[in-house]
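Structure first, commentary second.
Counting starts at 1 for both ligands and their atoms, in listed order. Just so you know, these numbers come straight off a predicted model, no measurement behind them. Numbers here are sequence positions counted from 1.
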Amino acid sequence: MPHLVAASLLAADFANLQRDIEMVNASQADWFHVDVMDGDFVPNFSIGTPVIEAIRKHARKPLDVHLMINKPERYIHHFASLGADILTVHIEATNHLHRVVSLIRELGIKAGVSLNPHTPVSSLESILSEVDLVLIMSVNPGFGGQKFIPASLEKIARLNQMRKNSGSGFLIEVDGGVGIKNAPQLVDAGVDILVAGNSVFASPDPAQSITDLKNCLNRAQ
Ligand code: DX5
Ligand code: ZN
C-alpha cells in the first residue's frame, strides 16, 4: 500500500478554514485529520461538531477524526452522522474499548484505536483483529507543534512486528512532530499514514510541503 499523508487541520488558520481545506483538496494529501478535544482527556479544546459539519461540506477527501475525549462511546453516533470516514478513540479514554470499536464498525465506519506515549503496544493484543487502524501518538496529545518523542519509533516497530505475527491487516498511523526529517525512519519502522500539522501549515508553502512529504515517502518505500 502507498504511504498516506493526513493533513491535520488543527494547524490550519481557523479564520481561513475554507481556504486551507481547498488547499488540501488540491494538494497531494490523502486525508483530512480532524482533532477533537474535550478539555478533560487532554488539557485543551479544539474542533467541535458544528465545525466538523462545516469541514465536511468542503472536504473532498476522507475525514480521519481523532477523538481525544473521555468516554467516546457517548458520541459515536453523533460523529458518524457528521460524515467521519475513520473514527479513532483512545484506549486510555474508555473502559469499553471492544464495545466502542464494534459500534463504530456497525455504523459502517473504519475504527481506529490510539495510544498515548506511555501506553505499551502490548495493551492492544486483544483488540488488534477488530480494528482498521492503530494511531501511535508520538507527542502527548492536546497540542500541535510539539517535538517528536524518539521512543515512538521503537513502539511502531514493535507494533509492526505484532501485525506481521498476527497476520492482521490494520494500518499504522503516527501523529505528532512528523515531517520530512523523520518520515523515512517512520516508514522503515512500519508506518502507513503520517499525520502532519505544523510541518505543513506553518511552512511558507503548505501545498509544496505536502508534495515534499509525499515524495519523501515514495522514495522511502
Ligand atoms: C495533537 C494532535 C495532532 C496535531 C499534530 O494532539 O493529535 O494531530 O495536530 O500536530 P503537529 O504535526 O504539529 O505535531
Ligand atoms: Zn491527531
Residues [X] and [Y]: side-chain donor-acceptor under 3.5 angstrom:
X    : Y    : value
S152 : S138 : no
E22  : N25  : yes
D35  : S8   : yes

For ligand 1, output the ligand-protein N/O contacts shorter than 3.5 angstrom; if there are none, return none.
residue: ligand 1; atom: 6 (O); partner: G142; partner atom: N; Å: 2.8
residue: ligand 1; atom: 7 (O); partner: D35; partner atom: OD1; Å: 2.9
residue: ligand 1; atom: 7 (O); partner: H66; partner atom: ND1; Å: 3.3
residue: ligand 1; atom: 7 (O); partner: D175; partner atom: OD2; Å: 2.8
residue: ligand 1; atom: 8 (O); partner: S8; partner atom: OG; Å: 3.3
residue: ligand 1; atom: 8 (O); partner: H33; partner atom: NE2; Å: 3.3
residue: ligand 1; atom: 8 (O); partner: D35; partner atom: OD1; Å: 3.2
residue: ligand 1; atom: 8 (O); partner: D35; partner atom: OD2; Å: 2.8
residue: ligand 1; atom: 8 (O); partner: D175; partner atom: OD1; Å: 2.8
residue: ligand 1; atom: 8 (O); partner: D175; partner atom: OD2; Å: 3.0
residue: ligand 1; atom: 9 (O); partner: S8; partner atom: OG; Å: 2.7
residue: ligand 1; atom: 9 (O); partner: D35; partner atom: OD2; Å: 3.3
residue: ligand 1; atom: 12 (O); partner: G197; partner atom: N; Å: 2.9
residue: ligand 1; atom: 13 (O); partner: G145; partner atom: N; Å: 2.9
residue: ligand 1; atom: 13 (O); partner: N198; partner atom: N; Å: 2.9
residue: ligand 1; atom: 13 (O); partner: N198; partner atom: ND2; Å: 2.8
residue: ligand 1; atom: 14 (O); partner: G177; partner atom: N; Å: 2.8

| With a cut-off of 6.0 Å (strictly less than), are more than 12 heavy atoms of other residues, nucleotides or ligands near CZ of R99? |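 Result for CZ/R99: open.
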Can you tell me which N/O/S atom of [X] has the shortest distance to the Zn ion (ligand 2)?
X    : value
D35  : OD1
H66  : ND1
D175 : OD2

| field | Any donor-acceptor pair under 3.5 Å from D38 side chain to N70 backbone | value |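 A pair under 3.5 Å: yes.
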| task | Locate the shortest heavy-atom distance separating E73 from T94; write the atom from each residue and the value. | result |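 Nearest pair, atom of E73 first, then T94: OE1-OG1, 2.9 Å.
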| task | Report the C-alpha distance between K57 and E53 in whole Å, list the side-chain angles of each, state the deciding distance to 0.1 Å, and finish with yes or no for salt bridge (charged side-chain N to carboxylate O under 4.0 Å, His left out). | result | CA-CA 7 Å; K57 280 193 196 129; E53 236 176 309; 5.7 Å; no
